[in-house]
Structure formats: structure tokens, C-alpha cells
Enquirer: 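I have a structure I would like to understand better, so I am pasting it below and will then ask my questions one at a time.
Side-chain atoms are counted along with the backbone in the values below, which use heavy atoms only and exclude waters and symmetry mates. Lettering follows sequence order; numbering is per chain, from 1.
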Number of protein chains: 2
Amino acid sequence: MLQQVPRRRTDTRERLLGLAEQAILAKGFASTSIDELIAGVGITKSGFFYHFRDKNELARALLERHIARDRELLDDIFRRADELNDDPLHGFLVGLKLFAEMMDALPQAHPGCLAATLCYQDQLFDRTVHALNAESVLAWRRRFRARLEAIAASYPPRQPVDLDALADMLSTLVEGGLVMGRALKDPTILPRQILLFRDFLRLTFAP
Amino acid sequence: MLQQVPRRRTDTRERLLGLAEQAILAKGFASTSIDELIAGVGITKSGFFYHFRDKNELARALLERHIARDRELLDDIFRRADELNDDPLHGFLVGLKLFAEMMDALPQAHPGCLAATLCYQDQLFDRTVHALNAESVLAWRRRFRARLEAIAASYPPRQPVDLDALADMLSTLVEGGLVMGRALKDPTILPRQILLFRDFLRLTFAP
DNA sequence: GACGTAACTGTACCACAGGTACAGTAACCT
DNA sequence: AGGTTACTGTACCTGTGGTACAGTTACGTC
């Protein structure tokens, strides 16, 4: 029998983040205790505070990871949609369909959950976390607004339309869809709302 | 000088609820302490637990009050809109405009805030609170679906449309709009989203 | 092989939040 | 006069986030 020498790990921080993410998405930030996390990855409290100065910093690290991952996912989806299609409107419509399918498959994986969780527990977090959160929302707005401008250039809208508000509508539906999905325990609400947004776009721009 | 005899109050419970509502909308549920509330209304901890068996029951009472108030407000708005207008589509469009104006004036007064707060701190609450929350969302769905059915009967939609999803869209935009408004500290987002929903309805149903 | 650094452990301690458990009391209603 | 309502006061317990700091062990580097 080889005695397993307690090997030194270099991935403890990542394992903490992973476990924290799972726990927070399932139970919320306030209900996820540090004790629970350190028991899960097998370290002591001192170990936790070696990696994160406080719970706030854990939230920030988590949010950063989530935002980065999310950006890659969206980049990927809309790149694929654009490859299939040269037209800006049709590319966006295809991308939205892929997005809805993704949200159908893994609705809890979305950073919106985290963002909203953070929003509704305001006082628990500091300015840097709020700023990070706001910046990620604005990044969505810019991304979608650029696409909407390209679309509006080719397809004059049927009604005058505020492109910023229209870009925000998708984020709004995602955030709201996550809340609704939780409240009704029905994960199909979010993807259906995305498809409705798609219908709205088609009605607005399609000739 | 008349010595003020410490008069017995019968409205302590209401005052607790009022203060708690304010504090929770501003800071979130978890960050609002019982100590803070009892200091605010001038009673002791025992006094608090005389009125509410625990914090959970405070949440329930608050949610009930909010839901009732909300129903009255919506009833009022759409009654007024209907009085001005016999047509189901135009009545709804007018109602939505009034609703957007109301959300512009007092966005933080909406129970959606509370509902979402509760959603995202799941484990803190028991089944009765969740059920209450879900029921209030379903009440919205029924209310708007009934109107949409009346509209669809007079104005056949331009595209086939899922009336439940369309009814949910308004709730979704409200919930999401509150989150977005908080994240960006921009209270105009919610009313603008409601007006976009209005545009969507018009495009879908108007001849 | 010595030396520093990264990644922890261990111990001790603190404040605050959410309770629990009762016994007592003052005002009000009948 | 007696019961109910609306509390007060005291004491105590748990869990959670956090601080302080000294000690330890593996690893890479010179």
C-alpha cells in the first residue's frame, strides 16, 4: 500500500471557484458559506483567506470568470451564425435561434444569474463588483447595438425604433427570464422569450 | 410639562412592515437585520418575535402586502384605460402606456423587486413563500392572457403567436428591467422596455 | 544542498445575526 | 376583577464572516 503523501495542489483556487459557482447558482450567494466551500475542497479557513481576502473577492473572481466565458460563448455562436449567412438580419436571427437553443440546454450556466444575484444583494458587495457587473451589461448593449445598426442600414424599420433600448431588450429578457424560470420552476420560459424577441425583430425589420 | 406615558400602539406590526419594505428594497433581504428594524420602530427583539415567528414570516407578510397592492394598482390602471376605450387592443395599448408612466415615476415600488429578491435567495425561504411568489406570477399571466385572447379574436395576428409566452413577456421585461435598472443605475430602462413591448403588440396585432 | 517562496495548517479569538426560552408587566376591553 | 394583547428583560446558543499571526511543507532555483 502506497501511502498517499498529501500532494501540494496548484488548482485549489480554481476548485474553490468551481464549487462556489455551483453552490451560488443553486442556493444564492448569502446562503453559501465559506465553511461549506472549504469542507468541499478540503482546506482550512486560513487556506480560503490565503486565496481570497474576503467573500467579496470571491464574488469578483467568479463574476470575471463568468463574463469571460460568456463572451467566448456569444462570440462563438454569432460567428457560426455569420458563417452560415452573409445578410446581417438573417445572421442575427440564426444566432438568436442558436442562443435560444443554448439557453434551453443550460439555462443555469448564464452569468445573468450571477449578475442578478449580485444586484439584489447590493450592500454585500463593493464598488468594483458593481462596476464589473455594469460593464458586462454595457458590453452586451454595444455588441447587439452594432448588429442592429447593420441591420437597420439594410432594412429600414417599419416603426421608428430606439436601437439601444432594442439591444437592451435581449439582456432584459434574459435577466427576467432567469427570474421567471426560477419563480415558476420552468426552464422553458427563457428560451421562449428569446424566440419572441426574434419574432419582434423579424416583424420590425423584415420587408 | 406633560410626561408622555408610553402609549400602547396597535400599529407596530404595520410600522415594522413599512420599515422592512424600505430597507429591503434599498439593501436586499439578507442585508436587512432584525436589530436594525426594531431600533427603527423602537421595540425590543422579543417584540419582533411576538409579531413574526421568524424572518421568513416577515418576508411572507411583506410579499402578501405587496401583491395585494400591486393587483389593485393594475386593476385601476387597466380599468381607467378600458373606460377611455372600447376596443380591446387600444385599451391594452393605453393601459401599457399608463403602466410605463407609473414605472417611470416609481420603479422601486414594484413587487417584482421583492419577488426577484426572494428568487435569488432561495434557500432562505420556505415553500409557502415560493408558492406565493409563483402564484403572483401566474396571476399576471392569466390577467394578460385574457386580454390578449380578446385582442386576437378581433385582430388576427400577423404571425402565429404563443399567447402565454406573450403574456409572460411583460412580466419578464418587468423583472429583467428592474435588474437592468439596478445594474446600470438607470431607472428609465424599465419604462422603455414596456413601451417596446407595446410596439411589439401593435406590430403583431394592428391591421 | 541552501534558500526563498507559494500554499497552505493550527490556534485563538471577535462581533454580529438569527434565533430560543421564558418569566414578568402594563394597558385595554369586557 | 379578569383575561387578553402587546409587549419588556434577561439569559443563552449557534453559525457565519473575519482577524491575527506563527508555524509548516513542498517546489523551483541558484
Side-chain angles (χ1 to χ4, degrees), chain A residues 2-21 23-24 26-63 117-118 120-126 128-129, chain B residues 2-20 23-24 26-62 117-118 120-126 128-129:
Chain A
L2 277 175
Q3 184 74 16
Q4 186 80 12
V5 181
R7 272 311 212 75
R8 191 125 167 259
R9 331 208 32 152
T10 53
D11 61 343
T12 307
R13 198 185 135 98
E14 278 308 305
R15 289 166 64 232
L16 270 173
L17 286 173
L19 189 56
E21 184 177 310
I24 290 172
K27 314 187 306 179
F29 187 78
S31 314
T32 298
S33 72
I34 295 176
D35 279 0
E36 165 191 354
L37 298 178
I38 62 182
V41 304
I43 56 167
T44 64
K45 216 171 180 182
S46 311
F48 178 88
F49 286 107
Y50 171 75
H51 287 292
F52 305 100
R53 123 192 301 155
D54 54 22
K55 234 187 152 187
N56 218 309
E57 206 179 290
L58 173 70
R60 185 162 50 241
L62 224 41
L63 194 55
T117 303
L118 303 190
Y120 276 106
Q121 295 173 48
D122 258 2
Q123 245 58 2
L124 294 177
F125 305 102
D126 61 24
T128 66
V129 174
Chain B
L2 277 176
Q3 184 74 18
Q4 184 81 11
V5 182
R7 272 310 211 77
R8 193 130 164 254
R9 332 208 30 153
T10 52
D11 61 344
T12 307
R13 199 185 135 98
E14 278 309 303
R15 288 168 63 233
L16 271 173
L17 285 173
L19 188 57
I24 289 172
K27 314 188 304 178
F29 187 77
S31 316
T32 299
S33 72
I34 295 176
D35 280 359
E36 166 191 353
L37 298 177
I38 63 182
V41 304
I43 56 168
T44 64
K45 218 171 181 182
S46 312
F48 177 89
F49 287 107
Y50 171 76
H51 288 291
F52 305 100
R53 128 193 295 154
D54 53 23
K55 234 186 151 186
N56 218 310
E57 206 179 290
L58 174 69
R60 184 162 51 242
L62 224 41
T117 304
L118 303 189
Y120 276 106
Q121 297 172 50
D122 259 3
Q123 245 58 3
L124 294 176
F125 305 102
D126 61 23
T128 66
V129 174

Enquirer: So which one's nearest nucleotide on DNA chain C is more toward 5', A/Tyr50 or A/Gly47?
Expert: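 The residue closer to the strand's 5' end, by nearest nucleotide, is A/Tyr50.
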Enquirer: In this structure, how many angstroms lie between the P atom of D/dG18 and the CG atom of A/Asn56, rounded?
Expert: 8 Å
Enquirer: Can you check the A/Asp54 CG to C/dA15 P distance for me, whole Å?
Expert: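 Between P of C/dA15 and CG of A/Asp54: 19 Å.
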Enquirer: Which of these nucleotides, D/dT19, C/dG18, D/dG9, is closest to any side-chain atom of B/Ser46?
Expert: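 Of D/dT19, C/dG18, D/dG9, D/dG9 is nearest to the side chain of B/Ser46.
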Enquirer: Looking only at side-chain N and O atoms, does A/Thr12 come under 4.0 Å of OP1 or OP2 in C/dA7?
Expert: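 Indeed not, no polar side-chain atom of A/Thr12 lies that close.
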Enquirer: In this structure, how many angstroms lie between the P atom of C/dG18 and the CZ atom of B/Phe29, rounded?
Expert: 8 Å
Enquirer: Measure from CG on B/Leu37 to C1' on C/dA17 and round the result to the nearest Å.
Expert: 12 Å
Enquirer: Taking the side chain as everything from C-beta on, heavy atoms only, tell me whether B/Ile43 gets closer than 4.5 Å to B/Leu16.
Expert: yes
Enquirer: Compare the minimum distances between each of D/dT8, C/dA17, C/dT9 and the side chain of A/Ile43, then state the nucleotide with the smallest one.
Expert: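 The listed nucleotide nearest to A/Ile43's side chain is C/dT9.
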Enquirer: Which one, D/dG17, D/dT8, C/dG19, comes nearest to the side chain of B/Lys55?
Expert: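 Nearest nucleotide to the side chain: C/dG19.
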Enquirer: Look at the side chain of B/Thr44 against the base of D/dG9 and say whether a donor-acceptor pair falls under 3.5 Å; ignore hydrogens and angles.
Expert: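 In this structure, the two groups form no donor-acceptor pair.
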Enquirer: In whole angstrom, what separates A/Leu58's CG from D/dG18's C1'?
Expert: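 Roughly 14 Å, once rounded to whole Å.
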Enquirer: How far does CG of A/Leu58 sit from CD of A/Glu21, to the nearest 0.5 angstrom?
Expert: 10.5 Å
Enquirer: What is the minimum heavy-atom distance between B/Leu19 and B/Gly40, and which atoms define it?
Expert: CD2-CA, 3.6 Å
Enquirer: Between A/Arg60 and A/Phe52, is any pair of side-chain heavy atoms under 4.5 Å apart?
Expert: no
Enquirer: Does a side-chain N or O of B/His51 approach OP1 or OP2 of D/dA6 to a distance below 4.0 Å, or not?
Expert: no
Enquirer: So which atom in B/Arg15 and which in B/Val41 form the shortest heavy-atom distance, rounded to 0.1 Å?
Expert: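 Closest approach of B/Arg15 to B/Val41, heavy atoms only: NH2-O, 3.4 Å.
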Enquirer: Nearest whole angstrom, please: distance from the C1' of D/dG15 to the CD1 of A/Ile38.
Expert: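 The answer, rounded to whole Å, is 13 Å.
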Enquirer: Is there a donor N/O on one and an acceptor N/O on the other, under 3.5 Å, for the side chain of B/Lys45 and the base of C/dG18?
Expert: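 Checked by distance alone, the answer is yes.
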Enquirer: Whole-Å distance between D/dT16 C1' and A/Asp35 CG?
Expert: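 Value for this atom pair: 7 Å.
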Enquirer: CZ of A/Phe48 versus C1' of C/dT9: gap in Å, rounded?
Expert: 16 Å
